[in-house]
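Letters A, B, ... are given to chains in the order of the sequence lines, protein chains preceding strands, and every chain is numbered from 1.
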Amino acid sequence: MTKDEVQGATEEEQAQSKKGLKKQQKEAEKAAKKAEKQAKLAADQQGSEEEDFAKDRYGVPPMVQSQQKLDRVLVRVEDLSPEKVDQLIWLRARVHTSRAKGKQCFLVLRQQQFNVQALVAVGDRASKQMVKFAANITKESIVDVEASVRKVEQKIESCTQQDVELHIERIFVISQSEARLPLQLEDAVRPDGEGEEEGRATVNQDTKLDNRVIDLRTTTSQAIFRLQSGVCRLFRDTLTNKGFVEIQTPKIISAASEGGANVFTVSYFKTSAYLAQSPQLYKQMCICADFDKVFCVGPVFRAEDSNTHRHLTEFVGLDIEMAFSYHYHEVIDSITDTMVQIFKGLRDNFQTEILTVNKQYPSEPFKFLEPTLRLEYTEALAMLHQAGVEMGDEEDLSTPNEKLLGRLVKEKYDTDFYVLDKYPWL
Amino acid sequence: MKLNRWDVHCAFGISALTRIFCLISSVLEPGEHLLSSNMSMYQVKPVCGSLLKPDLPTCMYTLPNIHGQQGNSDLCSEHALQNGEVDPAVKALEARQDEILRKLYELKAAVDGLAKTVTTPDADLDLTVSSSLSSQSPSSTTFTGVTNLDTLLGKDLGALRDIVINANPAQPPLTLMVLHSVLCQRYRVLSTVHVHSSVSNVPPQLLSCLGPRHADSYARQMFQLGFTLIWKDVPKLQMKFSVQNMCPIEGEANVARFLFKLLSPYPSDAALATLVDSWVDMAFFQLAEGSAKERAAVLRALNSALGRSPGSPGRSSPWPTWRAIAACCRAALPPLLPLMCSAGSSPVRTWATSARPSRFCSEWSWDT
């Protein structure tokens, strides 16, 4: 190379190197930063790998597909009581909430109507990574937890199991849920008034119905369905004890059974049939066939085009039919006794469910008398006349009058359930 | 006849003028003689007829003859009053006057008596005055007075009149059970017992405390009165009748008073009514709920009251006192029995043993 060339080259090189220096400097900075980061990560990883002694005590295992049969007993949340203190138990529940606080993570685990507080704390059983993992578990995920039951000095007001809490040793996510849920269960359980007052959200009925599966997980919905089941069970048990026979009647029938209500028509092969408005015809057939006492629990279909609190197109009908010997009061006594037994059964066995429903839908306690109060129509008329209502002696009760009469009877006898006998013959 | 040339036309009353003319003509005609002696001046034909005699009154005033004919007595019914005989109408009048005066004097005496009590507040009521005022004597306060359900409970609206009593099964109202049995003797009473949902376990005796179910209980209208007893978790006994017109009545003593009035009216004599009220209060507050000292004091008072005349006011209200005694016997048998059975002729003991305890009282006083 000539000197000139070299000189030119060096000049170019010099020019280049100025730009290049800057570029290089920038690149060098970038590289340095990257190296730093990587070093840090490496250090962290190393650190975590070093510290994570609890690696096998948490995680997301593969989906349960009946691969193995574990000899493990899962305890129910509702059974967690001070009797189980210091026991190591396995439990499967949904994560209701999770909240991290420094070296601890508080979880509330929920199972149907019951929930319990659980705690993951950094210690000899749990590592920092485990706590972090627990804090990151999404709501409504199903988890399997091995924990020891510990007694608490101060009652945990926000949970149903108030005397104990769980100290988690192992936690596995069996079914992970989405991070963003369409509705929050806490909001779905909140009473409407409270939501408006404190500015917190309550969930629309439309949203609830669109995501019914999640909505049914709320404690209130669980309680409502349990009460419904209780009513049917008490109805069956009481009547069976009285010697009634349960029958199942057809619901697709060839002609409308009741004149008052409207029918739904269904296409039946080449012709059409109707959905049963009530099992009355079949019950009466049974009485004529010497069954003497029958009852029927089944759906009833009425094409009622009314949008009121007292109309439904499809509902579950609890129907009774019996023959009496001399006086129709025998039937009234039997029916009222059945109702009273149902009320007593609910009062005695379903108190937790009633209170749960009351939290979201407050109401007055239900009152009744045993034996049931039976008033005659003339007495009802006298009470209404005294209250200032003008109606004739042969007139039927209108809906507002009926409601007023209910209030008057409640005031005098303190009962929500009574029988009105001897209506006027029209 | 000679013509008179005098022709007089006048517009006055004809009668007077006719008279004048007649007079003139009558004067003139005989005057003819006078004139004929000389000559008659005028001669006028008589315009009117012969001389009319005017009907002139001769009497100024007419009076019936006071010395009238006594003989015409067929027509008049009154006869002269002889010496000393008094007209029966007058007699009746006098009698009425006497009656009115007598009533006035009585009223004056009553008002004086009342004025005395009003002006002198410490003065005791003059019993002679008040006893004459009161229509009922003390002995007739027991179950003979006429009571009308309509006046007490309001107009009959064609339906059963139901008295609702809410009682706590831990404190059964024994007085009311006794009053109920008496009511059943007097009226047709439909009795029902209910258990409220606020109470879970009620002993079977309490469910049948009002007796067996009436055969006609399916037709409520056939009864005059309804007695509905509800065993309920209430702090104090409560009675409801007409929710629109009456507030609930609380306390066994007050409910007992109400039911008692259905049987017999309270004595209208204020003193007696107050005495009865004080015995009722003493029975409930001191005898049933008081300490041992208070109970002993009441029993002594009862002793002295019954030791007086048999017609003493203390006898007129046996029911609440009996119940109270029964209740204390149940509660504190040992110290009270000697007290009640002391002294062979103790009025309390004789009275207590003579008044037969009802079926219910015997169950509750001595069995439990």
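- Summarising the geometry, atom CG belonging to A/D416 is positioned 8.0 Å from atom OG belonging to B/S197; distances are rounded to the nearest 0.5 Å.
- Heavy-atom distances place no part of B/T192 under 4.5 Å from chain A, backbone and side chain included.
- Interface residue B/N245: only side-chain heavy atoms are found under 4.5 Å from chain A.
- In A/E83, the CD atom is not crowded: 12 or fewer heavy atoms of neighbouring residues, nucleotides or ligands sit closer than 6.0 Å.
- For chain A, no part of B/V202 is nearby; none of its heavy atoms comes within less than 4.5 Å.
- Proximity to chain A (any heavy atom under 4.5 Å) is restricted, for B/I230, to the side chain, taken from C-beta onward.
- Residues of residues 398-413 of chain A that come within less than 4.5 angstrom of chain B, heavy atom to heavy atom, are A/L408, A/E411, A/K412, A/Y413 in numerical order.
- Residues of residues 360-370 of chain A lying under 4.5 angstrom from chain B, judged on non-hydrogen atoms, are A/F366, A/K367, A/F368, A/L369, A/E370 in numerical order.
- For the pairing with A/D414, the side-chain hydrogen bond (donor to acceptor under 3.5 Å, both in side chains) check across B/K240, B/Q238, B/K232 returns one residue only, B/K232.
- In this structure, no portion of A/K344 lies under 4.5 Å from any heavy atom of chain B.
- Residues from residues 371-384 of chain A that place a non-hydrogen atom less than 4.5 Å from a non-hydrogen atom of chain B comprise A/P371, A/T372, A/L373, A/R374, A/L375, A/E376, A/T378, A/E379, A/A382, given in numerical order.
- Put simply, of A/H385, A/H327, A/Q386, the one with the most heavy-atom pairs under 4.5 Å next to chain B is A/Q386.
- Contact annotation for A/H329: only side-chain heavy atoms (C-beta onward) come within less than 4.5 Å of a heavy atom of chain B.
- Of residues 222-247 of chain A, not one residue has a non-hydrogen atom less than 4.5 Å from any non-hydrogen atom of chain B.
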